[in-house]
Amino acid sequence: TYDVTAGEFAQFVADTHYDPGEVCYTLEGGRYKLRGDRNFLKVGFEETSNSPLVCVSFDDAKAYVAWLSKKTGHPYRLLSESEFEYVARAGTTTAYWWGDDVGRNHADCAGCGSPFDDRQTAPVGSFPANPFGLYDTAGNTNIWIEDCSNPNYAGAPNDGSPNLTGECDLHILRGGNTHVAPDAVRSARRSHN
């Protein structure tokens, strides 16, 4: 229903003694910089245990879902790119699940009309849920996706499973974040890291 929170990831770290490291990209002066004194608890802006998880690597995200599966006895994994777009669109065909215009206060991005825009992430659930009852599928924070990076969908599986071919030292990110323009939080928008 919500993005994984900093508090939920902190519980994982406490339970497993997992070390997510002290390196993170932060936005400074309009550019992302790799900082050696940041982690999911020290992101460079105010956050609470209810803030969406940021400052984690793909490997950190994979370790978290493996722990969550073991802890709950239910299978968890990162979404495939097609699964993410399906749930982000929530049965709509517009640029954003709420329509073709970014409007105001539907998401957190640089120009989404929220009090958090381009400053910091909003606590999870701060914006309306989409028609599937899911929160924050647009903006706020990037979401790690299982798929390897590919320039397009050529050769991608047609059954909703992740594309595990291509440039697999890079993985897909979806959803956009607080620092990107409204165009970058569209349901179809994709990037990689």
(message) Using only atom types and a distance under 3.5 Å, with no angle test, would you say the side chain of E8 pairs donor to acceptor with the backbone of T5?
(response) yes
(request) Show your reasoning for whether side-chain contact (heavy atoms from CB on, under 4.5 Å) applies to N140 and F116. (result) CA-CA 9 Å; N140 215 18; F116 305 97; 5.7 Å; no
(request) Determine yes or no for a side-chain-to-main-chain donor-acceptor pair under 3.5 angstrom, with T72 supplying the side chain and L68 the backbone. (result) yes
(request) Just say parallel, tilted or perpendicular for the rings of F40 and F9, cut-offs at 30° and 60°. (result) perpendicular
(message) Just verifying a value: how many Å separate N142 CG and L173 CG, rounded to the nearest 0.5 Å?
(response) 5.0 Å
(message) What I want to find out is whether R189 reaches D183 closely enough, with some N-O distance under 4.0 Å, to be called a salt bridge.
(response) yes
(message) Measuring only between side-chain heavy atoms, which start at C-beta, is C109 closer than 4.5 Å to P182?
(response) yes
(request) Please say whether more than 12 non-hydrogen atoms of neighbouring residues, nucleotides or ligands are located less than 6.0 Å from CG in D169. (result) yes
(message) Please determine whether side-chain contact (heavy atoms from CB on, under 4.5 Å) holds for the pair R174 and F84, giving the CA-CA distance in whole Å, both sets of side-chain angles, and the decisive distance to 0.1 Å.
(response) CA-CA 8 Å; R174 295 297 292 257; F84 181 86; 3.4 Å; yes
(request) Assign the ring pair H74 / Y76 to parallel, tilted or perpendicular, where the plane angle (0 to 90°) is split at 30° and 60°. (result) perpendicular
(message) Under a 4.0 Å threshold between the charged nitrogen and the carboxylate oxygen, would R77 count as salt-bridged to E83?
(response) yes
(request) Determine yes or no for a side-chain-to-main-chain donor-acceptor pair under 3.5 angstrom, with Y96 supplying the side chain and R89 the backbone. (result) no
(request) Return the minimal non-hydrogen interatomic distance between A6 and E47, and the atom names on each side. (result) CB-OE1, 4.2 Å
(message) Between Y32 and V23, is there shared hydrophobic-cluster membership here, with clusters defined by ILVMFWY side-chain heavy atoms closer than 4.5 Å?
(response) yes
(request) Examine distances only and state if a side-chain atom of S82 and a backbone atom of G160 form a donor-acceptor pair shorter than 3.5 Å. (result) yes
(request) Output, in order, the C-alpha distance, side-chain angles, deciding distance and verdict of side-chain contact (heavy atoms from CB on, under 4.5 Å) for D15 and V13. (result) CA-CA 6 Å; D15 283 0; V13 169; over 6 Å; no
(message) Grouping I, L, V, M, F, W and Y whenever their side-chain heavy atoms are under 4.5 Å apart, do I143 and V185 come out in a common cluster?
(response) no
(request) Drop me the distance from S57's OG to K62's NZ, to the nearest 0.5 angstrom. (result) 11.5 Å
(request) Compute the ring centroids of F132 and Y86, then answer whether they are less than 6.0 Å apart. (result) yes
(message) Are L53 and F12 linked, directly or through intermediate hydrophobic residues, by side-chain heavy-atom contacts shorter than 4.5 Å (ILVMFWY only)?
(response) yes
(request) Kindly say whether A110 contributes a backbone atom to a donor-acceptor pair with the side chain of D117 at under 3.5 angstrom? (result) no
(request) Taking only Lys NZ, Arg NE, NH1 and NH2, and the carboxylate oxygens of Asp or Glu, determine whether R190 and E81 approach each other closer than 4.0 Å. (result) yes
(message) Whether the T48 and N50 side chains hold a donor-acceptor pair (N or O, under 3.5 Å, no angle test) is what I'd like checked.
(response) no
(request) Output the distance between atom CG (L170) and atom CD (E167), rounded to the nearest 0.5 Å. (result) 4.5 Å
(request) Report yes or no: do D108 and T178 form a side-chain donor-acceptor pair below 3.5 Å? (result) yes
(message) Measuring from atom CZ of F58 to atom CD1 of I145, what distance do you get when rounded to the nearest 0.5 angstrom?
(response) 9.5 Å
(request) Check whether any side-chain N or O of D136 sits under 3.5 Å from a backbone N or O of G125 as a donor-acceptor pair, and report yes or no. (result) yes
(message) Would a single hydrophobic cluster contain both V180 and V43, if residues Ile, Leu, Val, Met, Phe, Trp and Tyr are joined by side-chain heavy-atom contacts under 4.5 Å?
(response) no
(request) For N150 and C148, indicate whether the former's side chain and the latter's backbone hold a donor-acceptor pair under 3.5 Å. (result) yes
(request) Kindly say whether V56 contributes a backbone atom to a donor-acceptor pair with the side chain of W144 at under 3.5 angstrom? (result) yes
(request) Could you tell me the separation between the NE2 atom of H171 and the OG atom of S191, rounded to the nearest 0.5 Å? (result) 13.0 Å
(message) Checking N193 against Y25: is there a side-chain donor and acceptor pair closer than 3.5 Å?
(response) no
(message) With a 6.0 Å cut-off on the ring centroids, do Y135 and F127 count as close?
(response) no
(request) Please check if the side chain of N152 supplies one atom and the backbone of A154 the other of a donor-acceptor pair under 3.5 Å. (result) yes
(message) Consider side chain to side chain contact (heavy atoms under 4.5 Å, CB included). Of V124, L134, V54, which one does D3 pass it with?
(response) V124
(request) Please check if atom NZ in K42 has more than 12 non-hydrogen atoms from other residues, nucleotides or ligands closer than 6.0 Å. (result) yes
(message) I'd like to know if R38 pairs up with E22 as an ion pair, taking the criterion as any Lys NZ or Arg NE/NH1/NH2 lying under 4.0 Å from an Asp or Glu carboxylate oxygen.
(response) no
(message) Test of understanding: clusters of I, L, V, M, F, W, Y form through side-chain heavy atoms closer than 4.5 Å, transitively. Do L78 and V87 belong to the same one?
(response) no
